[in-house]
Amino acid sequence: MLFKFKALYIVCFNIIHITFKGNQILKHIELNNEIMQKTPDGFFDLKKDKLALDEFLKYAYNKTKKFENLLERFRFLIDNKYYEDVFQNYSIAQIQQLYDIAVDVKFEFASYMAASKFYTNYALKTNDGKEYLETYIDRVVVVALYLGQGSFARAVDFVLQMMKQNYQPATPTFLNAGRQRRGEMVSCYLLEVDDSLNSISFNVSTSLYLSKMGGAVALNLSKLRSRGDSIKGFANACSGVVPVMKLLEDTFAYANQLGQRKGAGAAYLNIFHHDIIEFLDTKKINADEKSRIATLAIGLIVPSKFYELVKDNKPMFVFAPHSVYEAYNQHLDDMDIDIMYDELLSNPNVKKTVLELSARDLLVKIAMIQLESGYPYIMYKSNANRVHALKDLGQIKMSNLCTEIFQLQETSQIGDYEDPDTINRDVSCILGSLNIANVMQNKEIKQAVHIGMRALTSVVQMTKLRNAPTIQKANEELHSVGLGAMNLHGYLAKNKIDYDSAEALEFVDTFFMMLNYYSIQASCEIAKDTNSKFLGFEKSEYAKGTYFEKYINTSFIPRSTHVIKLFDGIHVPTTHDWTTLKEQVLEHGLYHAYRLAIAPTQSISYVQNSTASVMPVVDQIEIRTYADSTTYYPMPFLGKDTALYYKSAFNIDQYKLIDLISTMQAHIDQGISTTLFVKSDISTKEIAKYSIYAHRKGLKSLYYTRTRHTTAEDCLMCSV
């Protein structure tokens, strides 16, 4: 027996509810743990996962509150303030019909982890937490009803795509939709801080509000004065960006969504900002506690000029942003540093400092801190703006907490109480993902994309953030969403394709072209149906027609026999299809300013029994430990015939990983959250080379750098 206890304990963990009595552990946990016991042929005992699933579902059924009929259930949930009043828009007959449609799909959880994750993280519970109030079907139906906004036909579409697990709303939507007491359905937000105390105060207050509603918040601090800058003519009066980071860290620690989701935030800074070294040093292991930032993520905004300096091994100059603003009436962060760098160097009115480190040495220092902490994220500003389809409307200045969001952003001016504010646009992240394996198997890429875009549009239309006016303004004018994808490695392994192979490159080139095509088609249809386009469409590359040239001139139909077979029975858009789509967009416009973003799916991937996002897996069987409980999660489609195709991310050539992401990125209007996987014995120069290579290949960002210690125990492959 794994655990021995003398008394009765009820322990609630993140992953699963566990009950110990004496030295008896719940049977479903024991069965799941037995996966690791080898069968006579030397492989994992994966049948035990199915037995654990069956046992857990019995446990969940016994903990679920029972009702005589559907009407009684909904009346109870509405009257007791669990659900919104769905009867304002739907009849009980329609709701019953939705249930019948959902049941007909014959959904079954594919793994123990999928079921336990759903019941622990998503299923509604009684106020005392003792009973479940929802099954998977219940949650899907109420999400569909809520997002349907009174349209029964739309609710049917949503139910079908979610029950088939073709489309999965992001956690905030799947968790909150239809509930009376809830946070927002938006995943995260991006805020820009102006160089004034009013703006700092406004954005801290906005961050508190957004964090309370359940969203992660990233803030661009690049306009703030550097340490030692003058304030109202008084020299050395400014404390710089680090104290503001401390303030934000405390903000996110305090405000969370009813204790269900921890507050999370990130601070971004332009690499040419005068405080860049202090900013980076907040994440050093040996940083002084007064300056150390423990929980706030940090990201660098890096123009291409930096990599030019690295290539030429030149000194690294940084600039005091306030002096730049005084000299040019333009913020350093709003300038095209690729063009203005030499001009700033030669201007005697601009305060500048040459770092002790050269640009090349600074890149190595960044790599060292990444090896220690995983931070900073890298946002390739020039790459993002070079291919920006809305470049004539505004500039992309930063990214979000997970580095997949790239949208235009504007600075707001916050006046004193008696003065008016100038409210401009910030950014929100409204996310959902396709399950690649399922949409390919069901041959429903078009349907899943169209319904996914409709579901995301409902969230746009229903989101009201009056206490975050810069977010609300952008939401109302741009209608931006981020449709993504998950289960790439799972799908490749299922079809015996190596993640780092030429066939994988070919598959993603076709699949993500299709994701792009159908998302544009859906956005155009929504624009036609609503007679509404995003504000400024006429200035976009879509309206000019230039966006479509690549697709009209190049075919992305697969060429190799294996990949052609994968798309058997699925129409792959041709150059002629793209020409027709261009004509439709020129006539009707697009509803969404931004459509696609590949986020790092986590909890929802477990529910879908999917590999996370488009990243490679770390292990064939993932081990999740919470307190005294360990849960084992076999990768989808894992078997003796597919095991070798689940090569660990730490054993994959990271240059080939970057190549794969680069191929996808060519079809994604926003970004892709890209994790690097390195072993602890890697040199900092090699990590620096990854950063250079990712920039050269056109990536818009690098997310977290994940380090694994090189020990024999880390390799499950060797034990198969």
Side-chain angles (χ1 to χ4, degrees), residues 57 60-61 64-110 114-115 118-119 122-124 131-169 173-180 182 185 432 434-435 438-439 441-459 461-462 522 525-526 529-530 604 607-608:
L57 291 177
Y61 176 80
T64 301
K65 186 175 179 62
K66 309 301 188 297
F67 298 94
E68 288 293 325
N69 53 57
L70 204 59
L71 179 60
E72 181 190 0
R73 178 179 183 275
F74 273 87
R75 283 265 56 104
F76 173 86
L77 293 171
I78 294 166
D79 293 345
N80 287 279
K81 302 187 185 303
Y82 290 107
Y83 278 179
E84 297 277 358
D85 188 355
V86 296
F87 294 124
Q88 292 184 0
N89 293 317
Y90 306 94
S91 68
I92 188 62
Q94 288 177 316
I95 296 173
Q96 181 64 65
Q97 190 175 344
L98 278 182
Y99 269 86
D100 293 341
I101 291 168
V103 170
D104 284 345
V105 175
K106 296 180 172 56
F107 167 82
E108 293 182 358
F109 284 109
F118 169 75
Y119 276 99
Y122 296 99
L124 185 65
E131 290 183 291
Y132 297 121
L133 293 171
E134 289 178 324
T135 64
Y136 188 77
I137 289 179
D138 294 326
R139 178 95 300 259
V140 166
V141 167
V142 78
V143 170
L145 289 168
Y146 194 66
L147 297 184
Q149 300 183 77
S151 169
F152 179 69
R154 192 74 66 212
V156 169
D157 289 338
F158 294 156
V159 163
L160 284 172
Q161 291 302 314
M162 285 190 283
M163 288 305 300
K164 292 179 182 179
Q165 292 201 320
N166 286 340
Y167 173 73
Q168 172 65 53
T173 303
F174 197 55
L175 176 68
N176 291 314
R179 296 186 180 186
Q180 276 199 51
R182 63 174 179 84
M185 296 183 288
L434 303 189
N435 185 322
N438 291 350
V439 298
Q441 176 179 313
N442 298 330
K443 303 185 188 305
E444 292 187 343
I445 300 176
K446 177 180 178 179
Q447 297 92 320
V449 172
H450 274 252
I451 300 307
M453 290 294 291
R454 292 281 181 175
L456 292 167
T457 302
S458 290
V459 179
Q461 295 167 345
M462 300 170 79
E525 288 184 6
I526 294 169
D529 292 347
T530 60
I604 58 172
V607 175
Q608 290 263 331

Note, F118 side chain near F174 side chain (heavy atom, < 4.5 Å): yes
Non-hydrogen atoms of A177 and M185 that approach each other most closely: CB-SD, 3.8 Å
Spatial distance of atom CG (D138) from atom CZ (F74) [nearest 0.5 Å]: 7.0 Å
Closest approach of N438 to Q608 (non-hydrogen atoms, all atoms of both residues): ND2-OE1, 4.1 Å
Side chain to side chain, R154 and Q149, heavy atoms closer than 4.5 Å: no
Side-chain donor/acceptor of R73 to backbone N/O of L133, under 3.5 Å: yes
For the student: nearest non-hydrogen atoms of I78 and V86, plus distance: CD1-N, 4.0 Å
Check against side-chain contact (heavy atoms from CB on, under 4.5 Å), L434 and N166: CA-CA 6 Å; L434 303 189; N166 286 340; 5.9 Å; no
Nearest heavy-atom neighbours spanning M162 and V143: CE-CG1, 3.8 Å
Spatial distance of atom OG1 (T135) from atom CG (L124) [nearest 0.5 Å]: 11.5 Å
Exam field: side chain R179 to backbone L175, donor-acceptor pair closer than 3.5 Å: yes
Shortest non-hydrogen contact between M453 and I526, atoms and distance: O-CD1, 4.2 Å
side-chain hydrogen bond (donor to acceptor under 3.5 Å, both in side chains) against T64, all qualifying residues, sequence neighbours excluded: none
Pairwise distance CD(E134) to CG(L77) - rounded to 0.5 angstrom: 7.5 Å
Q180 side chain vs E84 backbone, donor-acceptor pair below 3.5 Å: no
F67, CZ atom: more than 12 neighbouring heavy atoms under 6.0 Å: yes
Whether over 12 other heavy atoms sit under 6.0 Å from K443 NZ: yes
Point-to-point distance, once rounded to the nearest 0.5 Å, from CD1 of I92 to CZ of F87: 4.0 Å
Residue pair V103, M163: steps toward the side-chain contact (heavy atoms from CB on, under 4.5 Å) verdict: CA-CA 9 Å; V103 170; M163 288 305 300; over 6 Å; no
CG on N442 to CD on Q165, rounded to 0.5 Å: 10.5 Å
Worked verdict on V439 versus Y167 for side-chain contact (heavy atoms from CB on, under 4.5 Å): CA-CA 8 Å; V439 298; Y167 173 73; over 6 Å; no
Test salt bridge (Lys or Arg N to Asp or Glu O under 4.0 Å) applied to D79 - qualifying residues, sequence neighbours left out: R75
Backbone of L145 reached by a side-chain donor or acceptor of Y90 within 3.5 Å: yes
Minimum heavy-atom distance L147-S458, with the two atoms named: O-OG, 2.7 Å
Test item: N89 and Y146 side chains (from C-beta on) under 4.5 Å apart, heavy atoms: no
From E525 atom CD to T457 atom OG1, the distance as rounded to the nearest 0.5 Å: 11.5 Å
Qualifying residues under salt bridge (Lys or Arg N to Asp or Glu O under 4.0 Å), relative to D529, sequence neighbours excluded: R454
N80 side chain to Y82 backbone, donor-acceptor under 3.5 Å: no
Test side-chain contact (heavy atoms from CB on, under 4.5 Å) applied to F158 and V140, step by step: CA-CA 8 Å; F158 294 156; V140 166; over 6 Å; no
